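Chain letters run A, B, ... following the sequence lines, proteins first and then strands; every chain starts at 1. This is a predicted model, so every value here is computed, not measured.
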Amino acid sequence: MSSGRSITRSFSSLLGSAMFRYIVRRLLYMIPVFLGISIISFFVMYAAGDPLSIIRIGKPDITQETIESLKIYYGLDKPVPIQYLNWLTNLLQGNFGKSLRGGRPVNLLIGSWAWETVKLQLISILLAFAISIPIGINSAKKQYSKQDVAVTSISLFGVSMPTFWLGIILIIIFSYQLGLLPSAGSRGAPYLWWDNPILDQIAHLIMPVAVLVYVMLAQNIRLIRANMLEILRSDYVLAARASGLSERKVIYKYALRNAIGPVITYLGISLGMIIAGAPMTEYVFSWPGLGRRYVTAAMELDFPVVMGITMIITMMTLIANLMIDIAYVYIDPRIRLR
Amino acid sequence: MTENILNIEGLKTYFFTEAGIVKAVDDISFNLKKNESLGLVGESGSGKTVTALSVLRIVPKPGKIIDGKVEFNGDDLLEKTEKEMQKMRGSEIAIIFQDPSSSLNPVYNVETQLRDVILAHQTVPKAETRKKVIELLEVVGIPEAETRMREYPHQFSGGMKQRVAIARALACEPTLLFADEPTTNLDVTIQAQVLNLLNDLKKKFNMSLVMITHDMGIIAEMTTRIVVLYAGRVCEIAKTHDLFERPRHPYTEALLAAVPRLDMKKTLRIIPGNIPNLIEPPSGCRFHPRCKHAKNTCKEKIPVLEEIEPEHFVACHEWQNISLKGERKH
């Protein structure tokens with residue numbers, strides 16, 4: 001009984017809290033942003049060309065009649081604003097429409113592609129952050145040491161190197177020359193790599209993950225190092241040392257929490273962009289993910305697919321931004337919600 | 001005979017920057033008696049703060065202590081391992097910094113910051129540390145300590161922040177306290193309060209105090225003996241009273257004359273020139289380019305600190321040939 005009441009009470013205090021009101025307001029702000037982006041994307045997509053004209057390239061003997069009936073089938077015969085409103089009405093009901101290439105529902109297509117991209121990205125992002133935070137801190141602690149110079153040079157290399165180039169180099173060495181790793185796809189066909197379905201998946205992940213991690217790592221280490229360097233010069237770090245706190249506590253408690261803000265931002269943005277994936281990397285390793293499909297759909301002028309993925313990216317980015325802002329409140333007590 | 005708690009001999013702390021070696025502290029020697037209040041005076045850049053940081057061995061990079069002896073109760077601190085040194089910091093020797101807004105960590109509340117210092121040196125149960133934190137805050141005069149300890153530095157006023165910083169320095173009852181311009185960033189009325197507090201606490205905790213400042217008024221009130229630094233070297237050491245009445249070093253005289261006074265009709269007197277570049281400091285006596293009594297020897301020979309009367313030391317070639325004006329009775 002009493003616990004039930006306390007739950008109700010804590011729930012009502014949650015409803016009244018500044019945080020709750022802030023989240024509700026931010027969610028409401030998202031509506032106009034979401035609509036704005038959808039309008040812009042829709043009309044830009046339209047300006048890119050006539051999707052049915054591409055069919056004519058593939059099938060030169062297609063009759064005008066067939067094209068007209070396809071137009072009616074996909075609703076492309078109506079004025080653009082009406083098309084937009086139809087698309088929006090469907091979207092609000094959770095229906096992304098049908099692909100112009102094959103007519104399959106966009107919902108199903110995205111559903112079947114998304115998993116591979118999320119898997120690849122999530123593993124890479126988590127790995128990159130887990131590795132880069134200690135390396136960045138260490139590099140800042142020992143600024144201009146041999147270790148630091150090595151780390152910063154390798155990072156600079158990583159920041160400036162195109163992912164497709166690194167991917168191709170890896171394929172040449174590990175697949176073509178050494179034959180150690182699969183060069184394409186997300187799982188083994190016709191036979192399993194390393195004779196085990198789980199090991200097979202890992203074997204396929206190694207190179208694309210390596211490329212993504214390396215590029216993110218480079219960005220991230222530079223970010224953490226730069227922030228840490230600034231914080232390590234601050235008076236409160238000196239004061240913490242002067243109070244006899246252990247170096248561990250000085251760095252990981254007193255300095256890190258002050259330096260972590262921009263890293264959280266970068267992590268949030270990365271997670272928000274997870275669906276957009278890394279089209280380059282997916283291309284190089286023929287990864288059956290969403291990023292590669294997104295680019296293909298754009299080139300084929302497959303409006304519904306492009307719009308569907310765009311709107312999911314938009315949503316995730318908006319939510320990630322909100323989460324970054326909420327995280328900041330917990331990290332830094334000086335930040336108040338308004 | 002009173003024992004020396006601190007004995008600094010020939011301390012040299014250099015900063016190895018890309019522009020060259022900055023000789024921030026260059027052969028400084030002085031001592032501090034038990035329970036004494038010593039003033040460390042000089043312009044910005046004279047090496048006051050670096051001296052304090054050197055004693056604690058927390059000189060930030062690219063600074064390095066390259067020579068000297070820092071004896072604390074007879075033990076040379078420069079010989080100790082980093083671990084031994086860490087145990088001394090905060091518990092035996094503590095420091096209060098100039099700007100409490102930057103010396104307190106913005107993301108942790110007051111209780112956490114004080115508790116961490118206590119726990120770094122003592123093993124006490126959580127309930128007791130909380131009691132200790134409240135006690136400390138009450139000692140430094142923070143009302144409603146129990147609620148305020150849960151607040152963050154930005155929720156305190158400047159004076160209150162400095163009180164928190166003082167509480168942190170005193171958390172483990174150190175025997176030696178450095179106060180590095182503790183009131184420079186405070187309003188004048190608050191300054192007096194904080195200085196009184198420091199004086200009271202010094203007696204209460206039986207501490208020896210090194211007061212670092214460029215404010216001659218504070219020095220006169222707070223200290224019994226003064227070390228005057230210029231460009232990383234000691235110019236003069238004397239009892240406060242002696243120094244104010246009979247300065248022997250031209251720099252000390254200039255420093256005293258630069259104190260603005262209400263009864264003076266003249267405009268503020270300044271010391272001409274700037275503190276020298278410490279990468280290539282002037283030869284001989286470092287003050288000679290700004291000194292109106294400078295002779296050729298001053299450019300060539302480094303003056304040695306000599307005892308010209310009991311407990312009055314001066315490093316000047318010309319001290320016998322010049323007569324300097326002091327301050328009237330305070």
Open item on the list: Can you confirm whether E82(B) is buried at CD, in the sense that more than 12 heavy atoms of other residues, nucleotides or ligands lie under 6.0 Å from that atom?
Closed with: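 More than 12 within 6.0 Å, yes.
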
Open item on the list: Quick check on Y144(A): does its OH atom have over 12 non-hydrogen neighbours (other residues, nucleotides or ligands) under 6.0 Å away?
Closed with: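 Atom OH in Y144(A) is not crowded, with 12 or fewer foreign heavy atoms closer than 6.0 Å.
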
Per-residue contact mode, [X] against chain A (heavy atom under 4.5 angstrom):
{"X": "I93(B)", "value": "backbone"}
{"X": "S101(B)", "value": "neither"}
{"X": "K83(B)", "value": "neither"}
{"X": "S102(B)", "value": "both"}
{"X": "Q98(B)", "value": "neither"}

Taking the side chain as C-beta and beyond, is there a heavy-atom pair between [X] and [Y] under 4.5 Å?
{"X": "V211(A)", "Y": "M280(A)", "answer": "no"}
{"X": "V110(B)", "Y": "E151(B)", "answer": "no"}
{"X": "N73(B)", "Y": "I5(B)", "answer": "yes"}
{"X": "N185(B)", "Y": "F97(B)", "answer": "no"}

Open item on the list: Can you confirm whether the side chains of D116(B) and Y254(A) place a donor and an acceptor under 3.5 Å from each other?
Closed with: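 The answer is yes; a qualifying pair exists.
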
- [ ] Spell out the residues in residues 222-238 of chain A that have some non-hydrogen atom less than 4.5 Å away from a non-hydrogen atom of chain B, in order of number; otherwise answer 'none'.
- [x]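 Residues in range: D235(A), Y236(A), L238(A).
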
Task: Nearest heavy-atom neighbours spanning N220(A) and S132(A) - done: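 Shortest heavy-atom separation between N220(A) and S132(A) comes out as ND2-OG, 3.2 Å.
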
Task: Exercise: identify the closest heavy-atom pair between L271(A) and M316(A) - done: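 Residues L271(A) and M316(A), closest heavy atoms: O-CE, 3.7 Å.
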
Task: Pairing residues for R163(B) by the salt bridge (Lys or Arg N to Asp or Glu O under 4.0 Å) criterion, not counting sequence neighbours - done: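 Partners of R163(B) by the salt bridge (Lys or Arg N to Asp or Glu O under 4.0 Å) criterion come out as none, since no residue qualifies.
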
Taking every heavy-atom pair that is under 4.5 Å apart, which of [options] has the most such pairs with chain A?
{"options": "N105(B), I58(B), L56(B), I95(B)", "result": "N105(B)"}
{"options": "A171(B), A94(B), P106(B)", "result": "P106(B)"}
{"options": "Y108(B), F178(B), Y152(B)", "result": "Y108(B)"}

Open item on the list: If you count heavy-atom pairs within less than 4.5 Å of chain B, which of R257(A), R241(A), E247(A) leads?
Closed with: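 Winner by heavy-atom pair count: R257(A).
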
Open item on the list: Need one label for K249(A): side chain, backbone, both or neither, based on atoms under 4.5 Å from any heavy atom in chain B.
Closed with: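 It is the side chain, since no backbone atom gets that close.
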
Open item on the list: Out of the candidates R148(B), R130(B), R150(B), only one should pair with E111(B) under the side chain to side chain donor-acceptor pair (under 3.5 Å) rule; please name it.
Closed with: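 It is R130(B), the one option of R148(B), R130(B), R150(B) that forms the side chain to side chain donor-acceptor pair (under 3.5 Å) with E111(B).
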
